[in-house]
Amino acid sequence: MSLHELFVAPAERYLTAHGAEIVVGAGVTDLEIADDGLTGVHLADGRVIEVDAAVLTLPPWSLTTLLDRGKLGQYDHFTPVRKIEPAPISSVYVWLDRPLGMRRLAENLRDTTIEWVFDTTGMHGAETAAGHCYSLAVSASWDVVHLPNAEFTAAALASLAAHYPEFAEAEVLRTHVIHQPQATFSAQPGFDELRLPQRTPIDGLFLAGDWTETGMPSTMEAAVESAVRAVDAVDEYLGAHTK
């Protein structure tokens, strides 16, 4: 099951069933702010959506763009976001004509280019005619993100050969490289001081994302924790302003 099927699709169904309107393909270009209170959200297609409250779930570098071109940049509260740097993650998807001898669906490798091997076919629970698929990943991949695909792939396959004897007899059917230059934040020393709380000095505006204050590293769990905190803050805010 893909992450979209696991998380996004159920969320879309839940929101739609509860009367929500989902707008896609129109980014946020600015916020309407009056007397330090949020009143609306400007979209790239020209629309302005009036709101009582909103949660921004942008990654830091996208939020920085919004600061540079909109009213949000007038608030010093958001300045630390400008110092948050992204970290890349690079992956090679490899299809083999047979499975490797993995004991678990995800295994950590040492002393090789590849750090993680994910048994993608095993996770989906079904073999296909395309072969047995593995995702080979490198976190903080500054050393490989700019390599030619062939060179990165060769290093990835050498990592498999070093750890899995079964690879010697396997035929590589296909490979596919994916680089994500801004996959996550770079948790450098002092990073915690840059993380913002879910509440902002603008009434009705809240933040969520794994980079905000959660007490966790960059994980899906951190993203969920930030969302829980943001929703709780929205509930409290709306409850206090609708009485």
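The figures that follow rest on heavy atoms only: side chains count, while hydrogens, waters and symmetry mates do not.
Its side chain outside the 4.5 Å cluster rule for every partner, V48 clusters with none of the Ile, Leu, Val, Met, Phe, Trp and Tyr residues. Side-chain contacts under 4.5 Å among hydrophobic residues (ILVMFWY), followed directly or transitively, place Y93 together with W95, L173, I178.
A side chain to side chain contact (heavy atoms under 4.5 Å, CB included) with Y75 is found for exactly one of L67, T200, D36, namely D36.
A search for side-chain hydrogen bond (donor to acceptor under 3.5 Å, both in side chains) contacts involving D210 returns S218, not counting sequence neighbours. Listed by chain and residue number, nothing satisfies the side-chain hydrogen bond (donor to acceptor under 3.5 Å, both in side chains) test with R98 (two or more places apart in sequence, or in another chain). Residues that satisfy the salt bridge (Lys or Arg N to Asp or Glu O under 4.0 Å) test with D192, not counting sequence neighbours, are R195. Remark: D45 pairs with R47 by the salt bridge (Lys or Arg N to Asp or Glu O under 4.0 Å) rule, at least two apart or across chains. With sequence neighbours excluded, the residues forming a side-chain contact (heavy atoms from CB on, under 4.5 Å) with N108 are R110, E115, W116, listed by chain and number. With sequence neighbours left out, the salt bridge (Lys or Arg N to Asp or Glu O under 4.0 Å) criterion links D68 to R82. Residues passing the side-chain hydrogen bond (donor to acceptor under 3.5 Å, both in side chains) test with T79: none are found, sequence neighbours excluded. With sequence neighbours left out, the side-chain contact (heavy atoms from CB on, under 4.5 Å) criterion links N149 to V177, H179. Every residue two or more places apart in sequence or in another chain was checked for a side-chain hydrogen bond (donor to acceptor under 3.5 Å, both in side chains) with E166, and none qualifies. With sequence neighbours excluded, the residues forming a salt bridge (Lys or Arg N to Asp or Glu O under 4.0 Å) with E32 are K71, listed by chain and number.
Residue L160 holds its CG atom at 11.0 Å from OG1 of T113, rounded to the nearest 0.5 Å. We find the CG-CZ distance between L136 and F152 to be 8.0 Å, quoted to the nearest 0.5 Å. L38 contributes atom CG, which lies 11.0 Å from atom CD of E50 (distance to the nearest 0.5 angstrom). Note that OG1 of T64 and CD1 of I84 are 7.5 Å apart. Values are rounded to the nearest 0.5 Å. Note: L72 CG to T65 OG1 = 12.0 Å, rounded to the nearest 0.5 Å. With rounding to the nearest 0.5 Å, the separation of CG in L63 from OG1 in T57 is 10.5 Å.
Residues V234 and L31 do not share a hydrophobic cluster, defined by chaining ILVMFWY side chains whose heavy atoms lie under 4.5 Å apart. Hydrophobic clustering (side-chain heavy atoms under 4.5 Å, transitive across Ile, Leu, Val, Met, Phe, Trp, Tyr) keeps L205 apart from V55. In the hydrophobic clustering of this structure, I33 groups with V81; members are Ile, Leu, Val, Met, Phe, Trp, Tyr whose side-chain heavy atoms approach within less than 4.5 Å, directly or through other members. Residues L15 and L56 are members of separate hydrophobic clusters, defined by side-chain heavy-atom contacts under 4.5 angstrom among Ile, Leu, Val, Met, Phe, Trp and Tyr. Cluster membership for V23 and V41, using ILVMFWY side-chain heavy atoms within less than 4.5 angstrom, is shared.
Contact of the D119 side chain with the E107 side chain is not registered, since no non-hydrogen atoms from C-beta on lie closer than 4.5 Å. E193 is not listed as a side-chain neighbour of P80, based on a closest heavy-atom distance of 4.5 Å or more. Between R69 and T29, some side-chain heavy-atom pair lies under the 4.5 Å cut-off. The side-chain heavy atoms of P197 and H77, taken from C-beta on, include a pair separated by under 4.5 Å. For the pair Y134/T121, no side-chain contact is recorded, criterion being any heavy-atom separation below 4.5 Å from C-beta on. The closest side-chain heavy-atom distance from R13 to P10 is below 4.5 Å. Looking at heavy atoms from C-beta onward, I202 lies in side-chain contact with F78 at the 4.5 angstrom threshold.
Nearest heavy atoms, A53 versus L238: CB-CD2, 4.1 Å. Across all their heavy atoms, S90 and S141 have their closest contact at OG-OG, 2.8 Å. Minimum heavy-atom separation, I49 to L43: CD1-CD1, 3.6 Å. When every heavy atom of I89 is checked against every heavy atom of S139, the shortest pair comes out as CG1-CA, 4.2 Å. Across every non-hydrogen atom of F191 and W211, the tightest pair is CZ-O, 4.1 Å. Between G209 and T214 the shortest heavy-atom distance is O-CG2, 4.3 Å.
Using cut-offs of 30° and 60° for the angle between ring planes, the Y237 and F206 rings count as perpendicular.
Proximity of a side-chain donor or acceptor of D30 to a complementary backbone N or O of H42 within less than 3.5 Å is not detected.
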